[in-house]
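Below: the structure, in structure tokens.
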Amino acid sequence: MTTRKTELMVGLFVILTIAATLLLAINVANKGLASDDQTYTLYAKFDNIGGLQPRSAVRVGGVTIGRVDRIYLDPEDFTPVVVLQISSQYNTFPDTTSVAILTSGLLGEQYVGLQPGFAFDDPYILANGDYIEDTKSALVLEDLIGQFLFSRDSE
Amino acid sequence: MIQKIIDIGHNTLNTIATFGRAFLMLVGALCAAPKIKNVRLTIQQIYVVGVQSLLIIIVSGLFIGMVMALQGYTILVNYGAEGSLGPMVALSLLRELGPVVTALLFAGRAGSALTAEIGLMKATEQLSSLEMMAVDPLRRVVAPRFWAGLIAMPMLALIFSAVGILGGHLVGVDWLGVDAGSYWSIMQATVEWDKDVVNGIIKSIVFAFVVTWIAIFKGYDAIPTSEGISQATTQTVVYSSLTVLGLDFVLTALMFGIN
Amino acid sequence: MSKDNHQYLVEVNNLTFSRGSRTIYDDINLRIPQGKITAVMGPSGIGKTTLLRLIGGQLKPDSGDIIFAGESIPNLPRKDLYETRKKMSMLFQSGALFTDISVFDNVAFALREHTHLSESVIATLVHLKLEAVGLRGAAQLMPSELSGGMARRAALARAIALDPELIMYDEPFAGQDPISMGVLVKLIKALNAALNLTSIVVTHDVSEVLDIADYVYILANQKIIGEGSADEIKHSSSPLVQQFLQGNADGPVPFHFPANDLTQDLVG
């Protein structure tokens with residue numbers, strides 16, 4: 001009967017849609033990390049965040065371990081605070097860890113790079129809500145050019 | 001002068017009356033207790049509007065993904081940023097092209113067919129005949145088609161986006177030599193499920209509602225003559241396309257415009 | 001129920017109906033006797049089909065009432081109207097078969113919608129109905145494969161599927177060749193007798209319908225201009241009725257659509 005064929009085709013249509021959704025969920029949106037609620041929060045104060053945006057990646061040696069959750073200005077000392085959402089499986093960073101705002105490629109996206117510090121005997125491990133003290137601000141092209149010209153002037 | 005004002009008033013009243021009829025049709029069709037029989041009719045219609053539109057959706061998605069990769073590559077490579085090809089293709093497809101192009105193709109492929117079918121059923125007295133057989137054509141003819149459109153179009157949009165991203169991979173990675181790892185990983189780092197994919201699906205559901213509604217109403221309200229039906233079919237495509245594009249701007253502004 | 005209701009299945013009382021500014025019916029009265037064939041005749045374009053739609057409740061009159069089997073059709077709530085419609089059926093001018101399903105499924109349609117009969121009982125019933133119109137062999141054909149006359153017979157089989165009390169025929173003879181016409185005339189008469197139906201035949205084919213009709217109404221100029229048995233109508237003294245029966249081009253029913261005086265229009 002025609003209805004059986006119809007139902008078969010509609011069934012295949014549904015399967016195709018599920019396949020497409022899975023592709024989008026896993027391969028494209030990487031839902032694995034984004035939906036994983038097992039994250040903890042670290043804070044970092046920078047003098048200048050450059051073009052860093054919420055949702056930018058947090059990487060260690062190129063491996064994405066988290067995301068920038070939000071960025072706000074500390075109302076007391078007027079410095080930007082970046083809230084980092086880090087996957088819980090990477091929860092053993094010592095407090096000597098430094099953090100920098102880096103750029104992928106010349107004009108690529110800005111991301112937060114974490115540089116784990118040396119772990120001397122029994123260091124303090126960064127936990128949820130801690131501030132990373134050692135921060136390096138974003139490179140701003142205008143400042144860089146200014147410095148370059150200034151140093152040439154003084155020669 | 002007074003005649004012009006009369007004309008304006010006349011047209012306004014006509015427009016309001018048309019919206020009223022369209023609204024009543026929808027209420028009449030959807031305010032019915034769902035029956036097992038109607039589920040089967042809806043599946044039948046999903047076949048007609050969904051499965052039969054698959055080919056055009058897949059082919060269009062593939063080519064649009066390929067073209068975007070090609071265009072994007074030639075621009076990005078100037079800045080050494082061809083690694084961003086993945087997110088560029090994926091974001092444009094998920095946020096805009098998937099829902100919008102699917103809606104436009106759907107209006108042309110399935111919407112016009114719906115209008116013509118229902119218009120002809122009206123012209124050949126099949127709708128009247130249903131009514132006289134004590135079967136409400138709103139529930140029997142209109143409702144299954146409406147639900148089918150509403151269900152099928154977001155599915156088509158998802159398939160469109162997925163195929164487009166694969167098409168982008170085909171051109172970007174396999175042909176132009178962008179690194180496969182960076183194509184996927186930068187895409188993964190940039191695209192977010194809730195913000196990008198889900199918003200795209202919401203857009204698509206809104207478009208599905210509007211396009212199917214226009215298509216069915218234009219058929220149901222068509223003047224039952226050859227000219228009437230041909231006019232209604234044309235209007236379906238024109239009105240749905242314009243509405244989709246207009247709504248797309250509004251939705252985009254609401255979803256992505258304000259941080 | 002009063003005796004009246006047994007005699008008349010449908011009563012149309014003081015019906016007035018207009019479309020836009022054009023009046024279709026002006027205060028007409030009709031009685032359709034139970035178990036008989038009643039013909040409603042009149043020139044094309046005076047809204048004979050409209051009358052059937054009014055009886056079927058698809059249109060609402062401006063004023064007046066329509067009583068079907070004791071129920072006032074214009075005042076019925078929607079649900080009851082649909083319930084009442086199961087007792088009537090209509091044969092549309094075009095046949096109005098559902099073009100996407102076979103003849104068999106067309107006839108089975110109402111049975112599947114409104115009854116909980118098993119598929120084998122439905123098949124038996126459908127074959128009986130198709131046998132009655134002589135199309136049992138065409139059960140698996142699609143409507144597009146039928147000739148005009150066959151399509152109308154298939155539609156007739158569909159119309160009697162639920163064993164209604166009333167069948168309304170909308171121009172059943174229009175555009176048929178003489179043989180199909182003869183077949184349809186015979187079928188209408190035979191079905192009416194066999195199923196104890198009440199039939200309303202709306203037509204402008206005078207000679208065919210006068211052969212089978214028990215009672216005749218002639219409509220023109222928004223009014224009923226003549227009524228009576230077939231014989232009474234044939235010998236009517238009314239010039240209007242005679243013009244219609246003889247088919248004279250001009251007479252009390254004017255040849256011209258109402259217009260301004262020609263000389264006035266030409267001279268401006």
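Worth knowing before you read on, the calculation uses all heavy atoms, side chains too, and leaves out hydrogens, waters and symmetry mates.
- Enclosure of atom CH2 in B:Trp147 is not indicated, since only 12 or fewer non-hydrogen atoms of other residues, nucleotides or ligands lie within 6.0 angstrom.
- The shortest side-chain heavy-atom distance between B:Gln52 and A:Met9 does not fall under the 4.5 Å cut-off.
- Side-chain contact between A:Glu7 and B:Gln44 is absent, with no heavy atoms from C-beta onward closer than 4.5 Å.
- Other residues, nucleotides and ligands contribute at most 12 non-hydrogen atoms within 6.0 Å of the CZ atom of B:Phe63.
- A:Thr17 OG1 to B:Leu158 CG: the interatomic distance, rounded to the nearest 0.5 Å, is 7.0 Å.
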Between B:Val51 and A:Thr6, does a side-chain contact (heavy atoms from CB on, under 4.5 Å) hold up when you go through it step by step?
CA-CA 9 Å; B:Val51 176; A:Thr6 309; over 6 Å; no
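- Enclosure of atom CG in A:Asp47 is not indicated, since only 12 or fewer non-hydrogen atoms of other residues, nucleotides or ligands lie within 6.0 angstrom.
- Two residues are said to be in side-chain contact when any heavy atoms from C-beta on lie closer than 4.5 Å; B:Val197 and A:Thr21 fail this criterion.
- Atom OH of A:Tyr72 is surrounded by more than 12 heavy atoms from other residues, nucleotides or ligands within 6.0 Å.
- With a 4.5 angstrom heavy-atom cutoff, B:Leu166 touches chain A only via side-chain atoms.
- When every heavy atom of B:Glu192 is checked against every heavy atom of A:Arg67, the shortest pair comes out as OE2-CD, 4.0 Å.
- For chain B, no part of A:Arg70 is nearby; none of its heavy atoms comes within less than 4.5 Å.
- Between A:Leu24 and B:Val191, the closest side-chain pair of non-hydrogen atoms is not below 4.5 Å.
- A distance of 12.5 Å separates CD1 of B:Ile43 from CZ of A:Phe13, quoted to the nearest 0.5 Å.
- Of the two parts of B:Leu94, only the side chain, counted from C-beta on, holds a non-hydrogen atom closer than 4.5 Å to a non-hydrogen atom of chain A.
- Put simply, the side chain of A:Lys5 reaches to within 4.5 Å of the side chain of B:Tyr47, judged on heavy atoms.
- With a threshold of 4.5 angstrom between heavy atoms, B:Leu91 does not approach chain A through any atom at all.
- Using a 4.5 Å cut-off between heavy atoms, A:Leu23 contacts chain B through its side chain alone, with no backbone atom that close.
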